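Each remark here refers to the structure printed beneath this line.
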Protein chains: 2
Amino acid sequence: MSVAVITIHPMSVAAVKYDRGMGRWEPNARGRLERAALELYLERGFDQTTVAQIAARAGLTERTFFRHFADKREVLFAGAVGLQEFLVRTLASTPDSAAPIDAVAAAFEAAGALLQERRDYAWQRQAVIAANAELQERELIKLAALASAMTDTLRQRGVTDPAASLAAEAGIAVFKIAFERWAGGTSQADLPQVIRESLDELKAVTAGK
Amino acid sequence: MSVAVITIHPMSVAAVKYDRGMGRWEPNARGRLERAALELYLERGFDQTTVAQIAARAGLTERTFFRHFADKREVLFAGAVGLQEFLVRTLASTPDSAAPIDAVAAAFEAAGALLQERRDYAWQRQAVIAANAELQERELIKLAALASAMTDTLRQRGVTDPAASLAAEAGIAVFKIAFERWAGGTSQADLPQVIRESLDELKAVTAGK
DNA sequence: CAGATCGATGTCAGTTGCTGTCATCACTAT
DNA sequence: ATAGTGATGACAGCAACTGACATCGATCTG
């Protein structure tokens with residue numbers, strides 16, 4: 001019994017889940033990979049998902065996944081770059097009259113308002129990250145990079161050195177705790193307001209003699 | 001041409017670098033792995049070191065490495081457990097009269113004194129971690145776990161919830177920045193004192209209206 | 001229009017981190 | 001003696017990630 005060898009062109013196995021574009025390949029490969037990854041991480045968990053499965057759902061190959069994302073975790077953090085840019089921009093454009101910690105907190109409040117607009121996505125993403133230690137590691141180093149960027153921005157505003165990094169790190173701590181409370185609760189709390197309350201708590205806690 | 005099949009007993013290929021004990025295997029396998037790993041990470045870098053190389057230098061096999069350490073990074077963080085226990089113990093035994101943030105800072109000052117006694121080791125380890133992003137991720141999640149443990153301890157002291165986590169996170173931030181300044185500088189600065197100064201800076205930074 | 005070039009992807013082979021499973025064998029308790 | 005026990009070795013295998021090269025529409029160039 002002889003078997004015909006069939007050469008399958010990439011287009012002919014294009015993912016069922018996503019509409020086909022007009023070029024040689026479907027458009028937005030990167031976005032399809034992000035969406036497929038989040039779906040699979042939610043359905044089966046991060047550990048139980050292979051990169052090959054993500055690529056297959058997006059109608060691509062494993063190799064292509066690694067051309068778009070440095071590793072299996074990074075696909076969940078693609079948006080972090082934009083968020084950091086927004087925060088730095090907002091911080092840089094805050095009037096110099098504000099104290100460093102207040103300027104940092106104000107930037108986070110503005111970012112919190114944006115996050116709230118994509119609440120469903122933010123909550124899904126948070127659920128995936130909360131369920132896996134490796135993803136938490138990646139989240140923490142993104143926050144550390146953010147702290148570093150905000151420290152630089154503060155320095156450019158004339159804030160001297162230990163104060164700049166402390167204001168940035170303290171601001172991150174406030175945001176972390178506020179976000180956890182917001183994402184963990186079932187309430188319809190307002191994220192910017194939770195951030196503001198957490199900042200006031202921090203001020204109270206550090207109001208030592 | 002026939003070749004004799006030689007079965008090599010583990011003892012006969014025991015590591016040259018480490019003295020042999022009296023049992024079936026050399027003693028302190030775990031410690032030998034830690035030392036071999038640190039040496040190799042310093043010599044060739046974390047990425048350029050394979051687990052097989054570490055095991056070989058310790059006179060063991062790759063499989064044994066993974067029986068002692070969950071992954072290639074964890075070998076650098078074996079001592080973190082003891083440090084966390086020390087910090088929690090110290091925090092728990094601080095008089096209740098101290099404000100939460102001061103109690104946390106006092107615990108870090110005590111731990112800082114211990115770290116200073118092993119300054120060479122602490123600096124070598126820090127150099128390895130500073131050179132590799134994956135190791136920084138691991139360090140950050142250890143600090144997050146530490147924050148969580150200190151938060152629990154503060155709660156047991158009657159500190160209510162947002163204040164407890166904020167005091168712990170703020171304390172971590174202070175320690176992080178103080179340690180960086182201490183390990184980065186060439187000076188003979190006193191780590192507990194650097195921690196104390198950083199805490200004062202934080203208090204100044206958060207002393208908003 | 002023909003040909004060169006380019007960019008995004010596919011294909012394939014290889015290394016390494018990490019795991020499951022079973023064998024080995026000094027030591028220990030009965 | 002005999003039967004565990006515990007730390008290790010040996011081996012097979014999966015999945016993450018990388019390097020090298022091939023493919024082929026789209027685009028540029030003459």
Side-chain angles (χ1 to χ4, degrees), chain A residues 5-15 18 20-34 36-37 40-41 44-76 132-135 137-138, chain B residues 5-15 18 20-33 36-37 40-41 44-77 132-135 137-138:
Chain A
V5 175
I6 302 174
T7 300
I8 303 178
H9 186 279
M11 293 270 311
S12 64
V13 289
Y18 305 96
R20 182 157 322 150
M22 305 195 64
R24 180 179 180 191
W25 295 285
E26 311 192 28
N28 196 23
R30 197 181 163 88
R32 270 151 50 214
L33 287 167
E34 283 177 32
L40 283 164
Y41 293 169
R44 337 186 2 143
F46 178 81
D47 281 334
Q48 301 312 312
T49 302
T50 70
V51 174
Q53 289 167 358
I54 299 170
R57 182 168 294 201
L60 296 164
T61 64
E62 200 179 335
R63 193 66 185 86
T64 298
F65 178 95
F66 286 109
R67 286 203 182 90
H68 284 278
F69 304 100
D71 58 55
K72 193 184 162 188
R73 296 174 246 173
E74 196 66 18
V75 66
L76 274 180
N132 184 273
E134 289 181 58
L135 292 172
E137 289 186 345
R138 182 56 52 88
Chain B
V5 175
I6 302 174
T7 300
I8 303 178
H9 186 280
M11 294 271 310
S12 63
V13 288
Y18 304 96
R20 184 159 319 151
M22 305 195 64
R24 180 179 179 192
W25 296 287
E26 311 191 30
N28 196 23
R30 196 181 165 87
R32 269 151 51 215
L33 287 167
L40 284 163
Y41 293 168
R44 337 186 3 146
F46 178 81
D47 281 334
Q48 302 312 313
T49 302
T50 70
V51 175
Q53 289 166 359
I54 299 170
R57 182 168 297 200
L60 295 165
T61 64
E62 199 180 335
R63 191 66 186 85
T64 297
F65 177 95
F66 286 108
R67 287 204 182 88
H68 285 278
F69 304 100
D71 58 54
K72 192 184 162 189
R73 297 175 241 172
E74 197 66 19
V75 66
L76 274 179
F77 296 87
N132 184 273
E134 290 181 58
L135 292 172
E137 290 186 343
R138 181 57 50 88

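In what follows, chains are A, B, ... by sequence order, proteins preceding strands, each numbered from 1. In this text, all values refer to a predicted model and were calculated from it rather than measured experimentally.
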Original post:
For residues 63-70 of chain A, which residues have at least one heavy atom under 4.0 Å from DNA chain C?
Top reply: A:Arg63, A:Thr64, A:Arg67, A:His68
**OP:** Would you check if the side chain of A:Arg32 reaches a backbone N or O of A:Leu60 as a donor-acceptor pair within less than 3.5 Å?
**Re:** no
Can you tell me the distance, in whole Å, between the [atom1] atom of [X] and the [atom2] atom of [N]?
{"X": "B:Gln53", "N": "C:dT16", "atom1": "CD", "atom2": "P", "value": "8 Å"}
{"X": "A:Arg138", "N": "D:dA16", "atom1": "CZ", "atom2": "P", "value": "14 Å"}
{"X": "B:Arg30", "N": "D:dA7", "atom1": "CZ", "atom2": "P", "value": "12 Å"}
{"X": "A:Glu26", "N": "D:dA26", "atom1": "CD", "atom2": "P", "value": "15 Å"}
{"X": "A:Trp25", "N": "D:dT23", "atom1": "CH2", "atom2": "C1'", "value": "8 Å"}
{"X": "B:Glu62", "N": "D:dA12", "atom1": "CD", "atom2": "P", "value": "14 Å"}
{"X": "A:Leu33", "N": "D:dA16", "atom1": "CG", "atom2": "P", "value": "14 Å"}
{"X": "B:Arg24", "N": "C:dA23", "atom1": "CZ", "atom2": "C1'", "value": "10 Å"}

Shortest non-hydrogen contact between [X] and [Y], atoms and distance:
{"X": "B:Lys72", "Y": "B:Asp47", "value": "NZ-O, 4.0 Å"}
{"X": "A:Arg73", "Y": "B:Glu137", "value": "NH1-OE1, 2.8 Å"}
{"X": "B:Phe65", "Y": "B:Asp71", "value": "CE2-O, 3.7 Å"}
{"X": "B:Phe77", "Y": "B:Leu135", "value": "CZ-O, 3.6 Å"}

Between [options], which nucleotide gets closest to the side-chain atoms of [X]?
{"X": "A:Lys72", "options": "D:dA16, C:dT24, C:dG17", "value": "D:dA16"}
{"X": "A:Asp71", "options": "D:dC17, D:dA15, C:dA26", "value": "D:dC17"}
{"X": "B:Thr61", "options": "C:dC25, D:dG9, D:dA16", "value": "D:dG9"}
{"X": "A:Val51", "options": "C:dT24, C:dT16, D:dA16", "value": "D:dA16"}

Original post:
When all nucleic acid strands are considered with a 4.0 Å heavy-atom cut-off, which category describes B:Ala29: base, sugar-phosphate, or nothing?
Top reply: sugar-phosphate
Subject >> ring-ring contact (aromatic ring centres under 6.0 Å, His included) involving A:Phe66 - partner list, sequence neighbours excluded >> reply: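 Once residues adjacent in sequence are excluded, A:Phe66 has no partner under the ring-ring contact (aromatic ring centres under 6.0 Å, His included) criterion.
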Original post:
With a 4.5 Å heavy-atom cut-off, do B:Arg67 and B:Arg63 have their side chains touching?
Top reply: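 In contact.
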